[in-house]
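Every number for a ligand or one of its atoms is a count from 1 in the order of the listing.
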Amino acid sequence: MAFFKPDWLLTSIYALRPIDLKRNGINTILTDLDNTLIAWHEPESSGQLRAWLAEMAQSQIQVIVVSNNNAKRVARAVADLDIPFIHSARKPLPSGIKRALRQFDLSPRQTIMVGDQLLTDVQAGHLAGVRTVMVKPLVETDSWVTLFSRFMEGFIMKHYARKDAQFKWRERLDD
Ligand SMILES: [Mg+2]
């Protein structure tokens, strides 16, 4: 079970700050798209997202989307954000993240995978050998696939919380 355990739990990807990332030796953020970076039902990017991306760019922290969605969907979603992406990543398999590591010549030790799904994003990150951050989904989805996965996730999360008093949602990486 410890296999799925994320290295950090954060309320939102926007809670990632350059100073905290640098303290942890991180220079690259691989991020899930839907419900991590943008709300799944809202194609428009928010002012908060733009501000956060600008802050990262200013601090030379790379942000790269790693999504299971197809090229067309991801390209459309990130078109106005000017960030690179990996599409059809096949998370929970590690292949998409490994592709990102190769393609952008990244060091796994300086890279994190951020996502809102334990069984998909976090597992893929672990399998690819990078540290992982689990965030709360930006909005709740209603597809039954997601509901089932959330149900399983709930069990596992409770298990971790019982075993580890430090396992809780935080506002900063090193809170
Ligand atoms: Mg997601």
Side-chain angles (χ1 to χ4, degrees), residues 3-16 21 26 28-50 52-53 56 61-101 104 106 111-158 160 167-171 173:
F3 189 68
F4 294 106
K5 195 175 180 184
D7 294 278
W8 292 280
L9 290 180
L10 270 190
T11 50
S12 157
I13 193 169
Y14 307 131
L16 285 171
L21 293 165
I26 297 157
T28 304
I29 299 169
L30 303 178
T31 175
D32 172 47
L33 181 65
D34 288 308
N35 262 343
T36 298
L37 201 63
I38 57 171
W40 67 283
H41 65 322
E42 250 183 58
E44 294 290 294
S45 57
S46 68
Q48 189 182 21
L49 172 54
R50 287 163 188 287
W52 181 79
L53 286 173
M56 292 300 145
I61 309 261
Q62 288 188 93
V63 178
I64 302 164
V65 168
V66 177
S67 172
N68 280 358
N69 268 302
N70 64 38
K72 198 173 156 192
R73 158 88 175 91
V74 185
R76 196 180 333 130
V78 304
D80 59 344
L81 297 176
D82 195 28
I83 50 175
F85 65 86
I86 295 285
H87 63 85
S88 315
R90 302 176 69 208
K91 297 172 290 183
L93 296 178
S95 51
I97 295 175
K98 286 185 170 169
R99 211 190 316 154
L101 294 172
F104 299 97
L106 309 173
T111 301
I112 50 172
M113 176 68 206
V114 184
D116 68 302
Q117 296 202 58
L118 188 71
L119 304 178
T120 311
D121 305 310
V122 173
Q123 193 189 352
H126 276 315
L127 289 171
V130 300
R131 285 176 286 174
T132 56
V133 178
M134 186 172 170
V135 295
K136 290 186 177 177
L138 289 175
V139 295
E140 295 300 325
T141 55
D142 56 0
S143 92
W144 70 268
V145 179
T146 309
L147 284 177
F148 178 72
S149 150
R150 290 282 176 215
F151 178 73
M152 296 300 293
E153 196 176 281
F155 268 117
I156 302 171
M157 294 294 278
K158 274 184 201 131
Y160 292 148
F167 194 73
K168 45 186 152 193
W169 298 100
R170 296 172 192 278
E171 300 291 337
L173 217 51

Donor-acceptor contact present, side-chain N35 to main-chain V139, <3.5 Å: yes
Kindly give the atom name of the N, O or S atom of D32 closest to the Mg ion (ligand 1). OD2
Is R150 salt-bridged to D116, cutoff N-O under 4.0 Å? yes
Measure from the Mg ion (ligand 1) to every N/O/S atom of D34 and report the name of the nearest one. O
Closest N/O/S atom of D116 to the Mg ion (ligand 1), by atom name? OD1
Minimum side-chain heavy-atom gap Q123-K91 below 4.5 Å: no
How far apart are the closest heavy atoms of E171 and A15, and which atoms are they? O-CB, 3.2 Å
